[in-house]
2 protein chains.
Amino acid sequence: MGSDDSPVLTLSGRLADRDSWTAADWCPIEEALRLVGTKSAIVLLREACYGARRFDDLVRGAGLTEQIAATRLKQLVAGGLMTKEPYREPGQRTRYEYVLTASGRALLPVLLSLIEFGKSLQGNGGTVDIVHDGCGAHVLPQVRCEAGHEIPLGTAVVRSKRRRS
Amino acid sequence: MGSDDSPVLTLSGRLADRDSWTAADWCPIEEALRLVGTKSAIVLLREACYGARRFDDLVRGAGLTEQIAATRLKQLVAGGLMTKEPYREPGQRTRYEYVLTASGRALLPVLLSLIEFGKSLQGNGGTVDIVHDGCGAHVLPQVRCEAGHEIPLGTAVVRSKRRRS
C-alpha cells in the first residue's frame with residue numbers, strides 16, 4: 001500500500017518528466033474520453049449493456065432527451081462502439097436498432113468499476129450487488145497483473161511504448 | 001461468452017422489468033457520474049494519480065483552462081474526492097495543494113479500465129503499457145468474482161439490495 005504521499009500511478013522512462021509532454025498527444029484516457037467522456041454516452045452504453053437496443057428504450061432508460069440521445073448515438077456509431085441494424089415490425093416502416101460492437105462491449109470493465117466507485121460513494125455498500133451468475137459470488141473489478149498479483153496503489157507503472165527510454 | 005444477442009449485464013429480481021424503474025433513483029453509475037461525469041474531472045483525477053498536487057501542475061497536465069480546472073477542483077473537494085492542504089513557499093503567501101482522499105484513490109480501477117479501453121481504441125496495443133512494479137507483468141483491469149472466477153460477458157448479474165425480490 002503506497003503512503004498517502006506517493007503517486008497512485010508511477011510514470012517511468014521518458015514519461016517520468018511530467019513537464020516534457022502533454023497527455024493529449026498519446027494518453028489512452030484522452031482517446032477513451034473522446035468517445036465516452038460524457039455522462040450521456042456512458043448512460044446510453046449502460047442501457048445497451050442491459051440489453052436495450054431500440055431508440056425509445058435507450059432514451060427512456062438513459063433518462064435523456066431524444067435530441068441528446070440521437071446525437072450521442074450517432075457519435076457512438078461513428079466511433080465504432082455500436083452498429084445500426086434494421087428491423088421492421090409488421091405494417092411499419094423499417095427502423096434501426098443500436099447493437100453494441102465488440103469494441104463497445106469492451107467498455108464493461110469501465111462500467112463495472114464505475115458501479116463499484118458509485119457504490120463506495122453511496123455508503124452502506126451501495127444499492128445493488130453485481131454477482132457472478134455461475135457461483136453467486138460478488139463481481140469485483142480488480143486490479144491485477146497478468147501474473148495474478150494484486151496491485152496495491154502506487155505499484156502500477158505507466159511506461160511509453162513508442163520508444164525505448 | 002454470451003452471444004452477441006445476449007445482454008452484457010443481466011438484470012435480476014425486481015430490476016428485471018426495465019420499464020418499472022429509472023436508473024436515476026438508485027444507480028451507482030449515476031452517483032459516480034455526478035462527481036466524475038465530465039472529461040475535465042477525469043483528467044484532473046488522472047493528473048492527481050500521477051502525483052500532481054499544485055494547481056498549476058494540475059492545470060498544465062490536464063490541459064484545461066484555469067477557470068474550468070478551478071470549478072472542477074472545487075466540485076471534487078466538495079464531493080470528498082480531494083482535500084485542500086495548505087503549503088507555503090518561503091516569502092510567498094499560503095497556497096493550497098489538492099490531495100486525493102481515500103475516496104478519490106478508489107477511482108483507480110476506473111482510470112485503469114479507461115486506459116485499457118483507450119488502448120483498445122488506439123489499435124496496435126496502444127501507446128503505453130501499465131506494468132506491476134513488483135514483477136513487470138502487465139496490469140489488467142479484470143472482471144472476476146470474489147471466488148476468483150473470470151466473468152465472461154453476460155454472466156454478471158445486477159440485483160437490487162433494497163428489498164428482497
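Sequence lines set the chain letters: A, B, ... in the order given, protein chains first and strands last, and positions in each chain run from 1.
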| task | Evaluate the criterion side-chain contact (heavy atoms from CB on, under 4.5 Å) for residue pair A:Tyr50 and B:Thr10; output intermediate values, then yes/no. | result | CA-CA 6 Å; A:Tyr50 286 158; B:Thr10 306; over 6 Å; no

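Most heavy-atom pairs under 4.5 Å with chain A: of the set B:Ile42, B:Val110, B:Leu111, this distinction falls to B:Val110. With chain B as partner, the option from A:Ala48, A:Ala102, A:Ala62, A:Gly61 having the largest number of non-hydrogen pairs under 4.5 angstrom is A:Gly61. Among B:Ser103, B:Cys145, B:Gly79, the residue with the largest count of heavy-atom pairs under 4.5 Å with chain A is B:Cys145. With chain B as partner, the option from A:Arg60, A:Glu116, A:Glu30 having the largest number of non-hydrogen pairs under 4.5 angstrom is A:Glu30. Between chain B and the options A:His138, A:His149, A:Lys39, A:Arg34, the largest number of non-hydrogen pairs under 4.5 Å is found for A:His138. Comparing B:Ser40, B:Pro109, B:Gly136 by heavy-atom pairs within less than 4.5 Å of chain A, the highest count is held by B:Pro109. Of the listed residues A:Ser120, A:Cys135, A:Gly63, the one with more heavy-atom pairs under 4.5 angstrom with chain B than any other is A:Cys135.
Only the side chain of A:Glu47 comes within contact range of chain B, judged by heavy atoms closer than 4.5 Å. If you measure heavy-atom distances from B:Leu35 to chain A, the contacts under 4.5 Å come from the side chain alone. Contact of A:Thr38 with chain B is made through the backbone alone, with heavy-atom distances under 4.5 Å. Within the 4.5 angstrom heavy-atom criterion, atoms from both the backbone and the side chain of B:Leu107 approach chain A.
Residues A:Asp57 and A:Ala52 approach most closely at CB-CB, 4.1 Å, considering heavy atoms.
Judged by distance alone, the side chain of A:Thr94 and the main-chain N or O of A:Arg88 form no donor-acceptor pair under 3.5 Å.
Both the sub-6.0 Å distance and the 45° axial angle are satisfied by A:Arg54 relative to the ring of A:Tyr87.
Residues A:Leu100 and A:Leu81 are not in side-chain contact: their nearest non-hydrogen atoms beyond the backbone lie 4.5 Å or more apart. You'll find the side chain of A:Glu31 stays beyond 4.5 Å of the side chain of B:Lys119, heavy atoms only. Using a 4.5 Å heavy-atom cutoff, the side chains of B:Glu85 and B:Arg53 are in contact. Proximity of B:Val59 to B:Leu44: side-chain heavy atoms (C-beta onward) are nowhere separated by under 4.5 Å.
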